[in-house]
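Computed over heavy atoms, backbone and side chain alike; hydrogens, waters and symmetry mates excluded. Order of appearance sets the numbers: ligands from 1, and atoms from 1 within every ligand.
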Amino acid sequence: MNDGQDKTTHFGFQTVEEGAKAGMVHGVFSRVASKYDIMNDLMSVGIHRLWKDSMMDWLAPRPGQRLLDVAGGTGDVAFRFLKRAPGATATVCDMTEPMLIEGQKRAEAEDMADRLSWVVGDAMALPFEDNSFDVYTISFGIRNVTRIPDALREAYRVLRPGGRLMVLEFSQIPNDMLQWLYDRYSFNVIPVMGQIVANDRDSYQYLVESIRKFPNQDTFAAMIREAGFANVKYRNLTLGIAALHSGWKI
Ligand SMILES: C[S@@+](CC[C@H](N)C(=O)[O-])C[C@H]1O[C@@H](n2cnc3c(N)ncnc32)[C@H](O)[C@@H]1O
């Protein structure tokens, strides 16, 4: 019987054993944690902020909602959500504790401390009860998860009926010439920036490779439907460099 131990997956462009991937991803984010926020601004020339604002515009946070932000890292999404929704609460869950620790050092974390909690946990086996959140978000996290269908099933489980999933992730540009140009930027500039700013070329090489391995918009939307979500829709951001996916637990 195959117990799954000999299954393989990808870590960027490398093929690795499934069981090894989470440790490698944890290594990447532990190494980059202290430079994560500044690198995000540099790599995207600040555009990731606009994408996260677009996520909030579509999500339209409401007072009193309970948000679970998985792979929440340094808290960008949770802070934005709480700023827009008085009386809401947010749980930031991430498997890499150094990322959460960086988030807790940010000024917003102190200002909103009474509405925020920080939990170390894996998207594929969330440490939360069924039906316990109104909103589940995951921003630039899901492409790092070893078994994406498991994470989507967990999202469905922890959302209450009527709850909403929203995913922000790099995506595919539906134009070959623009995709080619974007690839030149990603593969030639980002690892060098990673070397200069974070002294870590390999982690940023992984990040750009993982973007290329992630499914396109329609394939990912089908995976979300497969996990049980209804009314699944997506919106491209900046020509499809990134995309927002929304789904509901009915
Ligand atoms: C690129 S960062 C995104 C951080 C934040 N959401 C943002 O948008 O800036 C990806 C995060 O995903 C986390 N992550 C990767 N795989 C995970 C998993 N299986 N469970 C929980 N977190 C995971 C990493 O530790 C890292 O903090």
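Classification of Asp57 and Arg84 as a salt-bridged pair holds, one side-chain N sitting under 4.0 Å from a carboxylate O.
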Can you give me a line-by-line list of nitrogen or oxygen pairs between ligand 1 and the protein shorter than 3.5 Å?
residue: ligand 1; atom: 6 (N); partner: Ala71; partner atom: O; Å: 2.8
residue: ligand 1; atom: 6 (N); partner: Ser139; partner atom: O; Å: 2.8
residue: ligand 1; atom: 8 (O); partner: Lys52; partner atom: NZ; Å: 3.4
residue: ligand 1; atom: 8 (O); partner: Ser139; partner atom: O; Å: 3.2
residue: ligand 1; atom: 8 (O); partner: Ser139; partner atom: OG; Å: 2.6
residue: ligand 1; atom: 9 (O); partner: Tyr36; partner atom: OH; Å: 2.8
residue: ligand 1; atom: 9 (O); partner: Lys52; partner atom: NZ; Å: 3.0
residue: ligand 1; atom: 19 (N); partner: Asp122; partner atom: OD1; Å: 3.0
residue: ligand 1; atom: 20 (N); partner: Ala123; partner atom: N; Å: 2.8
residue: ligand 1; atom: 22 (N); partner: Met95; partner atom: N; Å: 3.3
residue: ligand 1; atom: 25 (O); partner: Asp94; partner atom: OD1; Å: 2.6
residue: ligand 1; atom: 25 (O); partner: Thr96; partner atom: OG1; Å: 2.5
residue: ligand 1; atom: 27 (O); partner: Asp94; partner atom: OD1; Å: 3.2
residue: ligand 1; atom: 27 (O); partner: Asp94; partner atom: OD2; Å: 2.7

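With sequence neighbours excluded, the residues that form a ring-ring contact (aromatic ring centres under 6.0 Å, His included) with Phe133 are Phe128.
Using a 4.5 Å cut-off between side-chain heavy atoms of Ile, Leu, Val, Met, Phe, Trp and Tyr, with links allowed through other members, Val92 and Leu68 fall into different hydrophobic clusters.
Judged purely by distance below 3.5 Å, without hydrogens or angles, the side chains of Asn40 and Tyr36 pair a donor atom with an acceptor atom.
Within a 6.0 Å sphere centred on CG of Asp176, other residues, nucleotides and ligands contribute 12 heavy atoms or fewer.
Between the side chain of Glu18 and the backbone N or O of Lys7 there is no donor-acceptor pair closer than 3.5 Å.
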